2 protein chains.
Amino acid sequence: MRVTIKDVAKKCGFSITSVSLVLNNKENKIPESSRQIILDTAEEMGYRPNRLAVGLLKKKTKLLGLVIPDNSNMFFSELSKSVEVAARKRGYSLIYGNTSDVYSRDYEYLKLFVDHQVDGIVITKSSHLPEKDDIRNMEFLEKSGVPFVVVDRQPKGFKSNMVTVNNVTGGYLATRYLIEQGHSRIGCFTGPLGLTTSQQRLEGYKNALAESNIDFDESLVVEGNFSSGFESKAMTRFIDEKVTAIFCQNDIMAFGIYREANKFGIKIPADLSVVGYDNINLCDIVYPGLTTIHQPIDQIGEESVRILTNLIDTSEEVPVEVKELEPKLVVRSSVLINRGGK
Amino acid sequence: MRVTIKDVAKKCGFSITSVSLVLNNKENKIPESSRQIILDTAEEMGYRPNRLAVGLLKKKTKLLGLVIPDNSNMFFSELSKSVEVAARKRGYSLIYGNTSDVYSRDYEYLKLFVDHQVDGIVITKSSHLPEKDDIRNMEFLEKSGVPFVVVDRQPKGFKSNMVTVNNVTGGYLATRYLIEQGHSRIGCFTGPLGLTTSQQRLEGYKNALAESNIDFDESLVVEGNFSSGFESKAMTRFIDEKVTAIFCQNDIMAFGIYREANKFGIKIPADLSVVGYDNINLCDIVYPGLTTIHQPIDQIGEESVRILTNLIDTSEEVPVEVKELEPKLVVRSSVLINRGGK
DNA sequence: ATTTGTTAAGAAAACGCTTACAAATATCAT
DNA sequence: ATGATATTTGTAAGCGTTTTCTTAACAAAT
């Protein structure tokens with residue numbers, strides 16, 4: 001049986017009240033002598049407060065819930081780490097739900113978190129969440145009254161607190177850089193086109209092309225899944241289409257392209273230039289270093305938690321906040337510089 | 001204000017008891033007519049049970065705590081995913097603490113989890129946890145009475161429920177394979193030597209050498225950190241020592257070696273053979289595919305949770321269980337086959 | 001001796017829920 | 001009608017805390 005405050009009180013002969021007061025450092029003039037006795041017995045008995053009881057009473061758990069689609073995807077594992085760091089800084093702990101991109105679990109975790117009385121929720125939805133479910137989830141959260149922040153992937157047709165990185169800019173930056181280096185036949189290896197994330201990056205790609213008067217060619221776009229499995233198919237297409245550069249919508253897919261290129265004896269960057277997206281740790285470790293679009297992951301975590309705790313701490317209505325962070329290009333060695341000379 | 005069972009009861013005119021009974025599907029012959037009314041009002045009001053209250057009363061939270069050192073290390077992010085999957089299968093959710101390898105946080109999270117009344121704890125300790133703290137943590141857990149399982153990294157001088165993969169075997173398999181392919185000057189790029197994990201893999205390396213009558217050479221061993229940062233230093237040494245193959249004690253460090261090799265124009269596997277450890281997803285994506293030691297991550301998660309839930313469910317004393325899983329060699333393309341001919 | 005003030009410590013309610021038990025009502029045989 | 005039994009619903013205790021409100025004790029002031 002776990003030792004309770006009652007046990008401590010009994011053992012040292014003080015009342016529950018006094019023990020509680022002392023243990024919580026309330027300035028309720030318990031004389032130092034009594035204080036010490038209480039502190040010592042609690043320590044000696046290995047007393048630990050029951051957070052369920054406290055939470056029940058105070059209606060605060062200091063717990064945040066995090067829903068992410070796939071923790072074995074480095075972008076998300078780094079993201080969850082950054083949320084965790086930001087949360088701990090403010091005295092919150094994380095309950096964490098990995099949906100493995102099975103979208104029905106988004107809802108399950110949301111319910112679980114609400115049931116556990118978390119003080120706030122950070123959610124990045126699953127890749128293939130149908131719009132209907134997306135809205136259902138958002139409405140559930142709204143109705144539950146638990147503050148929440150949507151991260152990275154925005155829900156369609158629903159306005160809520162949100163932290164994103166400007167994906168249009170990201171796609172644009174990547175593509176423009178390739179164009180600047182002399183490329184004009186540029187493949188685009190996208191994420192699931194059901195995600196606004198992918199669509200926006202594609203939009204940025206188109207914008208950059210348009211700006212340089214390069215016609216958009218549908219057949220240079222290949223849809224992937226933000227993971228591995230489609231690189232082979234993609235590479236075949238890109239070879240057929242004689243692209244000289246590929247904009248991959250995430251780093252993992254870029255690494256897949258690396259492998260395929262190697263298989264075909266295609267040299268990066270000499271024969272083929274590649275730009276990734278995310279700037280995960282591995283970009284530096286791989287050879288040649290992957291030029292990519294950096295997402296400020298730490299900032300995403302920090303901002304999400306900031307908005308969330310702000311929501312939690314202020315009783316008045318807070319206006320919906322949408323924080324859009326800016327991506328930036330990180331140049332390494334996977335793009336052939338100044339192709340064809342200036 | 002959140003809607004409680006009381007609110008539901010009031011709204012539909014039944015007692016709290018009846019509502020509770022129906023909502024929990026107890027077979028307490030509430031007539032179907034009443035049942036439906038209750039179910040409908042609860043649904044309509046968006047009632048969600050307060051798990052704090054339930055936990056307080058039942059002394060079960062269906063929550064498991066997980067402490068891991070670094071979620072941005074793929075081995076651990078995959079591990080945490082596997083624990084999560086195994087937990088969910090049995091109706092448990094995960095609270096999750098990432099220590100970022102700051103070892104004082106191991107203890108903090110342990111306390112937090114106990115305070116939150118988790119039903120069980122899975123812990124992989126931080127890389128540089130001093131023995132003193134290690135034992136303190138273990139004793140704390142023991143005293144708390146919360147069932148726990150130690151994963152992967154074993155505490156020194158403490159016997160507890162544990163799931164590991166046989167690291168000696170792993171080191172042996174990697175090294176023997178290199179020897180079989182004709183290598184005899186084999187570098188060993190280790191993890192932090194303060195971890196038994198690293199020491200055991202090194203031991204396996206030595207065993208394989210001894211078996212083939214190759215003298216162990218201290219200068220072929222370079223200590224790393226299971227992450228990146230030491231590859232450059234390591235590579236310099238390995239080149240000086242004219243090794244033809246390197247056994248890296250994890251995959252991330254192997255990728256670092258890939259990069260360094262490329263910098264020096266050294267071809268893998270033609271000029272240098274590399275074996276990794278962990279078999280993270282990336283091994284397949286990288287080129288050349290990394291030959292490595294597979295750790296059965298899914299099994300680790302499954303076994304940990306199995307042992308844990310077994311501990312939770314059985315009231316009698318359960319004998320300490322140490323589950324040692326077997327690693328296996330996964331051959332890809334980073335080792336030159338049959339060097340020097342047969 | 002009574003009042004007032006000060007200090008120390010305890011009693012009790014409440015948080016939302018489950019569940020053992022009690023009560024009320026309906027059903028039926030006598 | 002009487003009691004017995006089955007069916008349905010309600011009462012209340014208790015889980016471990018925090019916190020408001022009392023009480024108790026005693027010294028100082030009138």
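Everything numeric in this text was worked out from a predicted model, so none of it was measured. Here is the naming used below: chain letters follow the sequence lines, and residue numbers restart at 1 for every chain.
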For this session: Identify which nucleotide among D/dT18, D/dT19, C/dT18 has an atom closest to any side-chain atom of A/Leu21, counting heavy atoms from C-beta outward.
Result: D/dT19
Problem set entry | Presence of B/Asn50 side-chain N/O under 4.0 Å of C/dC15 phosphate oxygens OP1/OP2 | no
For this session: Starting from P on C/dG16, measure out to CE on B/Met45 and report it in whole angstrom.
Result: 13 Å
Problem set entry | Protein-nucleotide distance (B/Asn24, atom CG; C/dT19, atom P), rounded to Å | 7 Å
Problem set entry | A/Val67 and its side chain to side chain contact (heavy atoms under 4.5 Å, CB included) partner, picked from A/Leu112, A/Thr124, A/Leu110, A/Asn137 | A/Leu110
For this session: Mind calculating the distance between CG (B/Leu52) and C1' (D/dT17) to the nearest angstrom?
Result: 12 Å
Problem set entry | Spacing between A/Glu32 atom CD and C/dA8 atom C1', to the nearest angstrom | 15 Å
For this session: Measure from the side-chain heavy atoms of B/Leu56 and tell me the nearest of C/dG16, D/dG14, C/dA9.
Result: C/dG16
For this session: Check whether the side chains of A/Ser127 and A/Arg153 place a donor and an acceptor atom closer than 3.5 Å, and report yes or no.
Result: yes
Exercise. What integer distance in Å separates A/His116:NE2 from C/dC17:P?
Worked result: 14 Å
Exercise. OP1 or OP2 of C/dG16 less than 4.0 angstrom from a side-chain nitrogen or oxygen of A/Lys59, does that happen here?
Worked result: yes
For this session: Determine whether the side chains of B/Asn71 and A/Ser77 contain a donor N or O and an acceptor N or O closer than 3.5 Å.
Result: no
Exercise. Where the side chain of A/Phe14 is concerned, which of D/dG16, C/dC17, C/dA9 is the nearest nucleotide?
Worked result: C/dA9
Exercise. Does OP1 or OP2 of C/dC15 have a side-chain N or O of A/Lys58 closer than 4.0 Å?
Worked result: no
Exercise. Which listed nucleotide (C/dG16, C/dT19, D/dT17) is nearest to the side chain of A/Ile5?
Worked result: D/dT17
For this session: Would you indicate what B/Arg35 reaches in the nucleic acid, counting non-hydrogen atoms under 4.0 angstrom: base, sugar-phosphate, or nothing?
Result: nothing
Problem set entry | Among D/dT17, C/dA9, D/dG10, the one nearest A/Ser34 by side-chain distance | C/dA9
For this session: Classify the nucleic acid contact of B/Ile16 as base, sugar-phosphate or nothing, counting any heavy atom under 4.0 Å across all strands shown.
Result: base
Problem set entry | Rounded interatomic separation in angstrom, taking NZ from A/Lys6 and P from D/dT17 | 10 Å
For this session: Measure distances between side-chain N and O atoms of A/Thr17 and base N and O atoms of C/dA11, and say whether any donor-acceptor pair falls under 3.5 Å.
Result: yes
Problem set entry | Separation of D/dT9 P from B/Lys26 NZ (nearest whole Å) | 18 Å
Exercise. Would B/Ser82 and B/Asp298 count as having a side-chain donor-acceptor pair, cut-off 3.5 Å?
Worked result: no
Seminar exercise, completed: In whole angstroms, the gap separating P of D/dT8 from CD1 of B/Ile37 amounts to 13 Å
For this session: Would you mind telling me which of D/dT9, C/dA9, C/dT18 lies closest to the side-chain atoms of A/Ser15?
Result: C/dA9
Problem set entry | Nucleotide nearest A/Pro31 (side chain, heavy atoms from C-beta), chosen from C/dG16, C/dA9, D/dG16 | C/dA9
For this session: Consider only side-chain N and O atoms of B/Ser72 and A/Lys81, and report whether a donor and an acceptor are under 3.5 Å apart.
Result: yes
Problem set entry | Heavy-atom donor-acceptor pair, B/Asp115 side chain to A/Asn50 backbone, under 3.5 Å | no
Exercise. Contact class for A/Ser20 vs. all strands (heavy atom < 4.0 Å): base, sugar-phosphate, or nothing?
Worked result: base
